[in-house]
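Notes follow once the structure below has been shown.
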Amino acid sequence: MKKVDHIGVAVRSIEEALPFYEGVLGIPLLKVEEVANQGVKVAFLDAGNLKIELLEPISDQSPVSGFIEKRGEGLHHIAFSVETIEERIQELKEKGVRMIDDKPKTGAGGASVAFLHPKSSMGVLYELCEKKASKGETP
Ligand SMILES: C[C@@H](C(=O)O)C(=O)SCCNC(=O)CCNC(=O)[C@H](O)C(C)(C)COP(=O)(O)OP(=O)(O)OC[C@H]1O[C@@H](n2cnc3c(N)ncnc32)[C@H](O)[C@@H]1OP(=O)(O)O
Ligand SMILES: [Co+2]
């Protein structure tokens, strides 16, 4: 894992969070997108060497909805950029890591994503993320 692609932050409302990120912190918005199979709407902001991904739940079944209920808004996950996600998943499993996703799912921008269970990684939810398009592209 050499590069962090983004940091996920759970918010109740992207619309309400953006004035702080854009206006107060001055971090430019790249795009807003709905990722239905993860139950979220996401907003990507360009924080220079990585992106900040604001996550707003779009249903009660969304993992982010449960997170906000239990823990409130805040840091949700760290996503590593990987090149061959299926191999990384296999390798992590062989090393005893409990994966939430044995097989990649579709994430933002059509990327392939898979999550490590936070119980397997000392309380941090990590995401692996393989971009569909060429490396280093914005989402
Ligand atoms: C769009 C895409 C992209 O970037 O392209 C995304 O990022 S989608 C981002 C949204 N999608 C996801 O997060 C998908 C992966 N996440 C999940 O499947 C779930 O959220 C789990 C992580 C498995 C947790 O769900 P579960 O139903 O088990 O909830 P739970 O509240 O009982 O959680 C089980 C234990 O994990 C802890 N836990 C839950 N969420 C956590 C988080 N974000 N960071 C650290 N720990 C966390 C809880 O406190 C609890 O520990 P205690 O038992 O000690 O209290
Ligand atoms: Co993410």
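Since we're looking at a predicted model, the values are computed, not measured. Ligands are counted one by one from 1 in listed order, and the atoms in each one are counted from 1 as well.
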Considering heavy atoms of the protein only, find what lies nearest to [atom] and give residue, atom and distance to 0.1 Å.
| atom | result |
| --- | --- |
| atom 2 (C) of ligand 1 | E53 OE2, 3.7 Å |
| atom 40 (N) of ligand 1 | F67 CD1, 3.8 Å |
| atom 43 (N) of ligand 1 | H76 O, 2.9 Å |

Protein non-hydrogen atom below 4.0 angstrom of atom 34 (C) of ligand 1 present: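 So far as the 4.0 Å threshold goes, atom 34 (C) of ligand 1 is out of reach of every protein heavy atom.
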Protein heavy atom under 4.0 Å of atom 5 (O) of ligand 1: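 Given the 4.0 Å cut-off, atom 5 (O) of ligand 1 counts as touching protein heavy atoms.
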E86 CD: over 12 foreign heavy atoms closer than 6.0 Å: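 12 or below, so no.
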More than 12 heavy atoms of other groups within 6.0 Å of E91 CD: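 Yes, CD of E91 has more than 12 neighbouring heavy atoms, counting only those of other groups under 6.0 Å.
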Atom name of the N, O or S atom in E53 that lies nearest to the Co ion (ligand 2): OE1
A79 near ligand 1 by a heavy-atom separation under 4.0 Å: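 False for this residue.
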Candidate with minimal heavy-atom separation from [atom], of [options]:
| atom | options | answer |
| --- | --- | --- |
| atom 30 (P) of ligand 1 | E33, K70, H6 | K70 |
| atom 20 (O) of ligand 1 | A36, P63, G39 | P63 |
| atom 45 (C) of ligand 1 | G74, G123, G66, S62 | G123 |
| atom 47 (C) of ligand 1 | R98, K119, R71, E34 | R71 |

Residue H76, metal the Co ion (ligand 2), N/O/S under 2.8 Å: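 No, outside the cut-off.
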Short side-chain to backbone donor-acceptor contact, D46 and G48, under 3.5 Å: yes
List every atom of ligand 1 that sits less than 4.0 Å from any heavy atom of [X], numbering the atoms from 1 in the order shown and giving each element.
| X | answer |
| --- | --- |
| G107 | 5 (O) |
| L125 | 13 (O), 42 (C), 43 (N), 44 (N) |
| H77 | 7 (O), 9 (C) |

Common cluster, Y126/I100, ILVMFWY with side-chain heavy-atom separation under 4.5 Å: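 No, no single cluster joins them.
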Connected via hydrophobic side-chain network under 4.5 Å: I78 and L55: no
Contact between [X] and [Y] at the side-chain level, heavy atoms closer than 4.5 Å - yes or no?
| X | Y | value |
| --- | --- | --- |
| V97 | M99 | yes |
| P63 | V40 | no |
| F80 | V4 | yes |
| V113 | T106 | no |
| M1 | L128 | yes |

Sub-3.5 Å N/O-N/O distance, V124 and ligand 1: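 No.
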Any N or O of H117 closer than 3.5 Å to N or O of ligand 1: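 No - when backbone and side-chain N and O of H117 are compared with those of ligand 1, no distance drops under 3.5 Å.
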Region of A108 engaging ligand 1 - heavy atom pairs below 4.0 Å: both
Between E53 and H77: side-chain donor-acceptor atoms closer than 3.5 Å: yes
Angle subtended at the Co ion (ligand 2) by H77 NE2 and E127 OE1, rounded to 10 degrees: 80°
